[in-house]
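Below, all heavy atoms of this structure are taken into account, side chains as well, without hydrogens, waters or symmetry copies.
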Amino acid sequence: MSASREPLPRAFYERDAVRLARALLGRTLVHETREGTVAARIVEVEAYRGPADRAAHSYGGRRTPRNEVMWGPAGHAYVYFVYGMHWCLNAVAAKPGAPEAVLFRAAEPLEGKDLARRRRGRDVSDEGLLRGPANLCRALGVGRAQNGADLTSGGLVILAGDEVPPRCIRASPRIGVDYAGDDALMPWRFFVADSPAVSGRRRG
DNA sequence: AGGAAGATCCGCT
DNA sequence: GCGGATCTTCCTG
C-alpha cells in the first residue's frame, strides 16, 4: 500500500485520456463506505477520447443525461449502467467541455478482500475479485450513487500509489468496441504486463 | 411506438 | 463458444 493517503489532485487528471490512462496504472483506488473500506491497485484501463472517438459515449458530441458528467471538470467519477445489469467506473479527463474519460477495467485488491468477496457474492480468487469493469464496481460497492463523485476528496478517491514504469506497460486495442470502425483498432487499452488480475487477452 | 444493440459476466455445452 | 439477464439510447416508421 502506498505511503501517501492524499488523493491525487485535480491537476493530475487535466490531460488527454490516453496520457491519463497510462498515468493511472499502479495508483490506488479506494472506496470507504459504512460497510468498510476496499482498496485496490489499478492494473488495466482504457482511454475514451471524446467526440472524435467512435467508441466513446460522447462520440459526435452527443450529450445525454447518462453521459453528462463527461463534460464536467476532470477528476470526477463517470459511472454508467450497461447490459441491463452492470455498472462501469470511469475517471473524467481533460478540461471542462472536452468529454474524455478513462475506464477502469481491473485492479488487484490491497485491503478489504473479505468485504469485496461478500459483495461479489461468490467464491473468487484474490486476483479475480476486481477483474473486469463490472466486477471491479461490484467489489468496490460502486453504483449510481457514485456517478459524479469527486475523486480528489470524499469516500471514493485515488491515491498516488506507485507509478508503473513505461517498460512494464502493455497496450492493445480496447475490448468490446468492434462497432467503432477504425477506432476499434487504436491501442488505447493499457495494462500492467505481469499482473495476474488483468482481464481478457494479454496482447501488446 | 417499437426494436436493436451495447465500454459485461456467468453458467452451461 | 453461446445465450440470458433486461437499462439506456438511438434509429426507424
Nearest-angstrom distance from the residue atom [atom1] of [X] to [atom2] of [N]:
{"X": "A:Tyr80", "N": "C:dC7", "atom1": "OH", "atom2": "P", "answer": "17 Å"}
{"X": "A:Met85", "N": "B:dG6", "atom1": "CE", "atom2": "P", "answer": "18 Å"}
{"X": "A:Tyr59", "N": "C:dC11", "atom1": "OH", "atom2": "P", "answer": "10 Å"}
{"X": "A:His86", "N": "B:dG6", "atom1": "NE2", "atom2": "P", "answer": "15 Å"}
{"X": "A:Arg54", "N": "C:dC10", "atom1": "CZ", "atom2": "P", "answer": "15 Å"}

By the Watson-Crick or G-U definition, both distances under 3.5 Å, C:dT6 is matched with none
Span that lies between the C1' atom of B:dG11 and that of C:dC7, in whole angstrom
22 Å
Provide the distance between the two P atoms, one in C:dG13 and one in B:dA5, to the nearest whole Å.
15 Å
I'd like to check A:Pro109 versus A:Leu130 (side-chain heavy atoms, cut-off strictly below 4.5 Å). Are they in contact?
yes
Check A:Tyr48, A:Tyr80, A:Tyr78 against A:His57 for a side-chain hydrogen bond (donor to acceptor under 3.5 Å, both in side chains) and give me the one that passes.
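Going through the options one by one, the only one that passes is A:Tyr78.
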At 4.0 Å (heavy atoms only), tell me whether A:Asn90 reaches a base, stays on the sugar-phosphate, or touches nothing.
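A:Asn90: base contact, heavy atoms under 4.0 Å.
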What does A:Ala55 touch in the nucleic acid at a heavy-atom separation under 4.0 angstrom: a base, only the sugar-phosphate, or nothing?
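Base, at least one base atom sits under 4.0 Å.
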Salt bridge check: are [X] and [Y] linked by an N-O gap of less than 4.0 Å?
{"X": "A:Arg170", "Y": "A:Asp194", "value": "no"}
{"X": "A:Arg131", "Y": "A:Glu44", "value": "no"}
{"X": "A:Asp126", "Y": "A:Arg117", "value": "yes"}

With DNA chain B as reference, determine whether A:Arg138 or A:Gly176 sits nearer its 5' end, using the nearest nucleotide of each.
A:Gly176
Short side-chain N/O contact from [X] to OP1 or OP2 of [N], under 4.0 Å:
{"X": "A:Arg120", "N": "B:dC9", "value": "no"}
{"X": "A:Arg62", "N": "C:dT9", "value": "no"}
{"X": "A:Arg144", "N": "C:dT8", "value": "yes"}
{"X": "A:Asn67", "N": "C:dT9", "value": "no"}

Of the listed nucleotides B:dC9, C:dC7, C:dT8, the one nearest the side chain of A:Ala134:
B:dC9
Aromatic ring of A:Tyr83 stacked on base six-ring of B:dT8, 5.5 Å, 30°:
yes
